[in-house]
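For reference, positions follow the sequence shown, starting with 1. Just follow the structure's listing: the first ligand is 1, and inside any ligand the first atom is 1.
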Amino acid sequence: MIEYWNPLVERMPVDELEKLQEKKLRNLVDYVYNHSDFYKKRFDDAGVKPEDIQTLDDLKKLPFTYKSDLRDTYPTGMFCVPNEQLVRFHVSSGTTGKPTVVGYTRNDINEWSTSLARALTSIGVGRGDVIQVSYGYGLFTGGLGLHYGAEEAGVTVLPTSSGNTEKQLDLMRDLGTSVMACTPSYFLFMNEVANNMGVSINDDTKLRVGIFGAEPWSEEMRARIEEATGIKAYDVYGTSELSGPLCTECQYQDGIHIWGDQFLIEVIDPVTGEQLGEGERGELVITTLAKEALPLIRYRIGDITVINKEPCKCGRTHPRIMRVLGRADDMLIVRGINVFPGQVESVLMTIPEVGEHFMIVVDRVNELDTMTIQIEMTDEAFSDKVNDIIALEKKVQAALKNVLNLAVKVELVEQGTIPRSMGKAKKVMDNRKL
Ligand code: DLL
């Protein structure tokens, strides 16, 4: 039986949902124009007045907002409520430049928890489950986001945060964790540590569901994780600017349901800014319909994906986004060819001898870009015969060439050489000074 958190909303007929979105959009535009000097100026500069926005089709008249706007107005210059109405801040660690600050009213936290309560229900997680939240707690949104969402859904939360992996595994067994929430990279590491402790996640724990995201991962990686640990692995998506982790796939594992009463999604051509049609791959742009403290209008997240509006087998009518390839700026350009690290992962994970950990190293030698993929072999495939190693290197090289159309160097490295991650993994080392 398919369960819903709020069937009236989740199964709302599409025309009703669109009417609701239109109404919310009109209110939103009015709200930001009158509550934020930033938006008033942005709209005035673009020559748009709130009354110009009546239908969903008018959305494209609105100017975009960017991560740089959040940085330029650091810390709270884009907020639409005075600070005393905030109940929480989260801060994203800017790897370059200033961090970005997101503020939440009580209602923003409630909406965020509702998104996740719906998502958890859609993957069959609810009362009676124990969720181990091993996303980082603190300024990062992963830990507290899932924590509140799970409590809302009546799930028992084990707030381990990330790190201290052996203890995590002890608690998993002692307290009967049935759901694990962490990055896919951390789960791989956890499984490795479990194996070293002589613990089988499949046989010795009650774990049955994983909620993995915060970084790109591939269908092929999902297959490996499910096969190795016997759990169902679901994709969860969100960004700190939109609140944090928000939406997941449903039990059919066919795209992430984005709650249409809370968000409007578009996919655009990253260069021209033109809206693309359903099914076309481009940059995700999101407008928040229910946020009070920091609503975002046509926010250029930068993630590359495809929108799917087909009705889902689960009966939910809200649009889906298909696997997120990463941000446009995660894309490497090597000798003029575009490569997403996720594509490399997809290829590697189809080769049984290749383990789950890899690193892409890009260099520039004599004005020429080179790409080297460092990989670890699986235990079963491990060999000290030079011929076997050379054969595997060639096999991987050919598979990558076939998909990427790029000649790469493959380097087999010893088990444990590639750094393991307890949060978002770093899978690329770009040594070029671009
Ligand atoms: O990573 C929020 C989050 C926490 C999502 C826990 C899921 C689980 P940020 O640190 O702001 O927020 O990073 C957001 O991470 O724009 C994507 O590029 C990437 N990302 C997040 N989820 C996925 C996913 C959190 N499922 C950025 N697949 C986003 C691919 C993802 N990329």
Going by the atom numbers of ligand 1, which of them fall below 4.0 Å from some non-hydrogen atom of [X]?
| X | value |
| --- | --- |
| V324 | 28 (N), 30 (C), 32 (N) |
| Y135 | 6 (C), 8 (C) |
| I301 | 16 (O) |
| G142 | 4 (C), 6 (C) |
| F140 | 1 (O), 4 (C), 10 (O), 25 (C) |

is_close_aromatic(H90, F140), centroid dist under 6.0 Å: no
R300 charged N/C atom sitting above Y66 aromatic ring, 6.0 Å / 45°: no
W112 six-ring face occupied by R88 cation (under 6.0 Å, within 45°): no
Counting only heavy atoms, which portion of [X] has something under 4.0 Å from ligand 1: side chain, backbone, both, or neither?
| X | result |
| --- | --- |
| D303 | side chain |
| T141 | side chain |
| T183 | neither |
| T239 | both |
| R323 | neither |
| S92 | neither |

Under 3.5 Å: donor-acceptor pair, side chain of R327, backbone of I301: yes
Within a reach of under 6.0 Å around [atom1] of [X], are more than 12 heavy atoms found that belong to other residues, nucleotides or ligands?
| X | atom1 | answer |
| --- | --- | --- |
| Q415 | CD | yes |
| R106 | CZ | no |
| E278 | CD | yes |

Would you say [X] has any N or O atom under 3.5 Å from an N or O of ligand 1, going by distance alone?
| X | result |
| --- | --- |
| D330 | no |
| D235 | yes |
| S240 | yes |
| V236 | yes |
| K424 | yes |
| A214 | yes |

S161 versus Y135, side-chain donor and acceptor atoms under 3.5 Å: no
S113 and N110: side chain donor to acceptor below 3.5 Å: no
In terms of residue, atom name and distance, what is the protein heavy atom nearest to [atom]?
| atom | result |
| --- | --- |
| atom 5 (C) of ligand 1 | G238 O, 3.5 Å |
| atom 30 (C) of ligand 1 | P216 CA, 3.3 Å |
| atom 28 (N) of ligand 1 | E215 O, 3.4 Å |
| atom 27 (C) of ligand 1 | R327 NH2, 3.6 Å |

Salt bridge flag under 4.0 Å for residues K67 and D72: no
Ion pair check, D369 and R335, cut-off under 4.0 Å: no
Pairs touching residues 279-319 that satisfy ring pair (Phe, Tyr, Trp, His ring centres under 6.0 Å), sequence neighbours left out: W259-H318
Output a table of donor-acceptor pairs, distance under 3.5 Å, between side-chain atoms of residues 395-404 and any protein atom two or more places apart or on a different chain; print 'none' if there are none.
residue, atom, partner, partner atom, Å
K395, NZ, E353, OE1, 3.2
K395, NZ, E353, OE2, 3.1
Q397, NE2, V408, O, 3.0

